[in-house]
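A short write-up of the structure that comes next.
Each chain gets a letter, A, B and so on, in the order the sequences are listed, and its residues count up from 1. Since this is a predicted model, take the numbers as computed values, not measurements.
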Amino acid sequence: MDLRPARGTLDLLPPQGSRMRALYDRASALARLHGYRYVETPGFEITELFSATSGETSDVVTKEMYTFDDRKGRSLTLRPEGTAPVMRAYLGAMQEQPSPFKAYYLTRMYRYSRPQEGRYREHRQFGIEVFGAEAPGADAEVIAMGDAFLRGLGLTRIELQLNSIGDEVCRPAYRDELVAFLRANRDRLSDEHRDRFVDNPLRVLDCKDDACRAVAAEAPRITDRLCDPCRAHLEGVQSGLKDAGLSWTLEPTLVRGLDYYTRTAFEFVSPGLSPQQATLFGGGRYDGLAEVLGGPHVPGVGFGMGLERVLLALEQEGIDAPEEPGLAVFVVGVGEAGHARAHDLVRELRAVGVAADAAFEDRPLKAQLKMADRAGATYAAIVGERELEASTVTLRRLSDGDQHEVAADGVASAVAAVGSAPGGAPAGETG
RNA sequence: GUGGCCGUAGCUCAACUGGUUAGAGCGCCAGGUUGUGGUCCUGGAGGCUGGGGGUUCAAGUCCCCUCGGUCACCCCA
């Protein structure tokens with residue numbers, strides 16, 4: 001039996017699991033702070049949901065979907081992105097939901113692509129969506145939230161790239177103009193784009209090939225062709241970002257891979273990471289999505305953030321990732337009576353919300369202290385003959401060995417007074 | 001999906017141009033006499049050299065296939 005996880009997937013054992021969990025906790029706290037509510041949608045959907053919304057020629061649909069037939073022959077697909085499913089669920093129940101509808105999710109996405117570091121077939125995403133808000137302030141809030149999340153972790157080397165890709169009014173005209181331009185410069189394009197640019201002309205602007213770049217540099221820019229409402233919207237977004245204290249660069253070549261995007265497109269990149277894994281989160285506005293699904297006009301904006309990449313970026317910047325709080329007390333019972341008392345004490349501590357544990361077997365004091373250390377406990381609480389007699393507990397701080405006796409019923413308050421976070425992280429910053 | 005590089009204990013690596021029972025450090029586990037972890041000392045476990053096939057008297061070392069990792073494309077998160 002091959003014990004390795006399937007290609008492109010990850011096992012998150014301690015301490016990595018603890019770090020991912022901490023990211024979830026922080027994301028939840030941040031989202032709630034901004035009035036977003038948690039949602040979940042199924043791990044798989046009818047394939048059509050993604051093929052219809054992402055566009056038949058998109059990379060996701062043409063080569064990256066995990067698609068399979070169930071036993072009744074229905075085509076299903078493991079969720080490759082979060083926006084379409086949330087919109088689908090919302091459209092089916094929008095009467096009951098407030099407007100704007102602000103939602104967040106923490107879940108896994110699946111894409112069949114060749115894995116490498118920072119690029120997995122299954123990855124975790126923190127995503128937020130705002131439905132029913134046309135105002136640029138919504139775009140700015142979404143972007144500022146992503147920024148706040150990353151900076152809250154201590155990341156500083158991050159850059160926001162912003163663009164507008166127009167809407168159904170100005171984009172078609174621009175697109176025609178661009179196609180005409182590319183056609184005129186056809187022989188200067190890379191082999192790959194020479195015959196393909198009609199399918200997805202905006203892509204050429206983003207191509208890293210030198211030849212394409214040269215052409216792209218001369219190509220008409222979408223930002224020069226925006227209709228008035230789109231131009232006003234872009235101005236509004238920038239004004240909102242400015243108010244939030246963010247800086248950004250306008251990136252006219254930034255496009256989005258999915259068809260339903262309109263106007264705002266953005267990416268946060270970590271320049272220290274290789275280009276393949278540099279995008280920490282990306283998103284934009286998708287005012288056309290609801291209608292593709294047969295719903296009414298529902299403007300929307302959101303982002304998806306790759307959490308494995310956030311962890312990579314932290315490592316790259318040499319920042320310790322937060323970890324979920326660990327054990328506050330490991331109770332060490334010496335001797336048969338001590339062992340029994342230790343378990344009573346553990347029950348009492350847990351009952352009042354103090355994370356406590358003890359050995360299942362009665363082992364030598366030394367061994368149990370070692371267990372306390374390995375468990376990452378802040379304190380060891382020792383209960384031996386002496387303590388039993390005096391109705392006390394020896395509370396030992398494991399970081400420096402400082403210890404003193406406290407009354408047996410005072411352990412919880414003694415511990416709670418100091419907090420219980422391991423690894424030097426302040427306690428209580430998440431909920 | 002395309003191309004390149006790589007794959008030896010849990011981790012980082014060693015083993016002259018193919019040549020005896022594949023080693024080390026760290027980590028892990030157990031002890032160091034009766035109540036003190038993380039330091040120190042001693043001992044121990046742990047590898048079908050990713051898997052399969054081939055060449056050879058002989059393969060960790062060479063060849064093929066396969067699985068996986070990684071880098072560059074593609075694209076993204």
Closer than 4.0 Å, any side-chain N/O of [X] to the OP1 or OP2 of [N]?
X: K63(A); N: rG1(B); result: no
X: R363(A); N: rA30(B); result: yes
X: R374(A); N: rC29(B); result: yes

For [X], which contact category applies under a 4.0 Å heavy-atom criterion: base, sugar-phosphate, or nothing?
X: P364(A); answer: nothing
X: F303(A); answer: nothing
X: R108(A); answer: nothing
X: S113(A); answer: nothing
X: E122(A); answer: nothing
X: G338(A); answer: nothing
X: K370(A); answer: sugar-phosphate
X: S399(A); answer: base
X: Q116(A); answer: base
X: Q276(A); answer: base

Quiz item: Passes side chain to side chain contact (heavy atoms under 4.5 Å, CB included), I143(A) versus F303(A)? Steps please.
Solution: CA-CA 8 Å; I143(A) 293 170; F303(A) 73 62; over 6 Å; no
Quiz item: Is atom CD of E218(A) surrounded by more than 12 heavy atoms (other residues, nucleotides or ligands) closer than 6.0 Å?
Solution: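 More than 12 heavy atoms, drawn from other residues, nucleotides or ligands, come within 6.0 Å of this atom.
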Exercise. Once you apply the 3.5 Å cut-off to both distances, tell me the Watson-Crick or G-U wobble partner of rA24(B), or none.
Key: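 rU12(B) - that is the nucleotide pairing with rA24(B), both distances being under 3.5 Å.
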